[in-house]
Colleague: 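Please read through the structure below; I'll follow up with questions.
Throughout, a chain's letter reflects where its sequence line sits, starting with A, and its residues are numbered from 1.
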Amino acid sequence: MKQIDCQQCGTAVLVEKFSIPHTSVQWVSDAATSCPRFAEATADARDSVCGTTALSCSSLSQSIDDAVRDGRLPIKSRVEPVIGDALVADAL
Amino acid sequence: MSIDMTEVTDSEQFDEVRLIDAGSNPTRFARGWHCLGRSKDFRDGKPHTVKVFGTKVVIWADTKGKLNVLDAFCRHMGGDLSKGEIKGDEISCPFHDWRWGGDGKCKDVPYAQRVPLRARTAAWETMEVNGLLFVWNDPQGNPPPADVTIPEIPGFGTSEWSDWSWNTFLVEGSNCREIVDNVVDMAHFFYVHYQMPQYFKNIFEGHVAAQHMRSTGRDDIHTGVQLDMPDSETISDAAYYGPSFMLDTVYTVAGDTTVETKLVNCHYPISQDSFVLMFGTTVHTIDGVTQEQADGMAEMFTEGVETQFKQDVEIWKHKTRIENPLLTAEDGPVYQLRRWYEQFFVDVEDITEDMVARFEFEVDTTKALETWKVEVAENVAKGIVPEQDPTKAKA
């Protein structure tokens, strides 16, 4: 997974792309507080779907799309993920 | 744009046989709220026997209507309390009439001068939400945290919602992780349940694991979950709240008509290789839908879902447990789901950040839909209708 910083708020997440439509995002900070959009959604609960903070953050989605376009985020095939603490530790 | 689409084929680099690691079932039962069924089914003035968490429990309503759950085996001589009688607030053992309270303490031994010391049995904390009974299981014996709960359905219990249509299946020979795995399994919705997922995204965060799916039916086969509404689209936002209880908000949309259904999919473990699977449906009755129509739709939807569960059970009956699934890019995040699920099987102090941090995964359905449209069109052209009942298919 590759670190992508949100253009809007700077929150760092780990991202993986297997194709243009596919996106996998691993948060390494508390999503509900570190993303201002999510924080707002949580405070007001309107955007909250199913008890998770929100379906997605449009600024982060845009940052990921831009990273793909700029070649900073390569599209890869799937590999079996490392499970456990090592996943977060290795990637950052 | 840099897209590395180089695919590694098995024959080029990996010619070893892929071995299945079947692993082993967990050694404890999950921490969390477990639904045991509809509250009203336990309020008939009789004690109820439920096999759960590797033991047997007794469930009864006391004089205030509170539902109590105790280990069924009397600490005196091992009698089965669930075969006894409710006497006042207590459950009485059929063997020697020892009286046990909902707090787990023996309140009276009518033939004895006093109740012995240590006359305390295992009691499970209970909760009632949306007309359903939940018990809190924690191998460490801690009380439930306030923020780990089951969301209420707004307006449930009023005429806004039809009664729960409720069904129960006994699944033997499988660990309950099999049903949880389905949360991420986009492709099985086509092959096992005859749905066409158009959009599929999972989000795991804290004790919640969500599945957001937009799907349509198939032209070659019609299922009950389509509610007999032609060309209907299904918008489903479902989430597990803890290890065993999924609440799904389903909108079935066809033209100007939208039907909102709440679907519960939950289970409780009997042992490590058997569990009780339950599902319930309730339909929103407003928007020009009468109570009768709503009940009728709930029945139809339930029949559709019942078929789906039978299809799952048929798969589980014959499959192996697998720790190392071999995945394509189009499969959902099985490994990350299991990492999330692991939080319920370790002590609270051993929960690691990676088990609960937010994780999002949006599946690419492009190739799947291309393939499935062709398969469905071929069936339609040949007049083939796939068999829905798994006990009749592929016999």
Colleague: For B:Tyr251, is the OH atom crowded, meaning more than 12 foreign heavy atoms sit under 6.0 Å from it?
Modeller: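 At most 12 heavy atoms, drawn from other residues, nucleotides or ligands, come within 6.0 Å of this atom.
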Colleague: Can you say whether B:Asp248 sits under 4.5 Å from chain A via the side chain, the backbone, both, or neither, judging by heavy atoms?
Modeller: neither
Colleague: Once salt bridge (charged side-chain N to carboxylate O under 4.0 Å, His left out) is applied, what residue pairs with a partner in residues 25-34 of chain A remain, sequence neighbours excluded?
Modeller: none
Colleague: Should we count CD of B:Glu152 as having more than 12 external heavy atoms under 6.0 Å?
Modeller: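 For B:Glu152, atom CD is not crowded (no more than 12 foreign heavy atoms under 6.0 Å).
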Colleague: How long is the span from the CG atom in B:Leu327 to the OG atom in A:Ser77, to the nearest 0.5 Å?
Modeller: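 B:Leu327 atom CG to A:Ser77 atom OG measures 13.0 Å (nearest 0.5 Å).
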Colleague: Using ring-ring contact (aromatic ring centres under 6.0 Å, His included) as the criterion, list what pairs up with B:Phe361, not counting sequence neighbours.
Modeller: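 In terms of ring-ring contact (aromatic ring centres under 6.0 Å, His included), with neighbours along the sequence ignored, B:Phe361 is linked to A:His22.
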Colleague: Using a cut-off of 6.0 Å, state whether more than 12 heavy atoms not belonging to B:Lys367 lie near its atom NZ.
Modeller: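 Not buried by this count: 12 neighbours or fewer within 6.0 Å.
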Colleague: Where is the tightest heavy-atom contact between B:Glu205 and A:Ala32, given as atom of each residue plus distance?
Modeller: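 Scanning both residues completely, I find the closest heavy atoms to be OE2-N, 4.2 Å.
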Colleague: Hydrogens and angles aside, do A:Trp27 and B:Glu360 bring a side-chain donor and acceptor to less than 3.5 Å of each other?
Modeller: yes
Colleague: At a 4.5 Å cut-off on heavy atoms, which part of B:Thr328 comes close to chain A: side chain, backbone, both, or neither?
Modeller: backbone
Colleague: Please lay out, stage by stage, how A:Ser56 and B:Glu362 fare under the test side chain to side chain contact (heavy atoms under 4.5 Å, CB included).
Modeller: CA-CA 10 Å; A:Ser56 62; B:Glu362 188 171 332; over 6 Å; no
Colleague: Report which part of A:Ser29 has an atom under 4.5 Å of a heavy atom belonging to chain B: side chain, backbone, both, or neither.
Modeller: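 Neither; nothing under 4.5 Å.
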Colleague: Looking at chain A, which one of B:Asn202, B:Asp331, B:Val356, B:Val334 has the largest number of heavy-atom pairs inside 4.5 Å, strictly under?
Modeller: B:Asp331
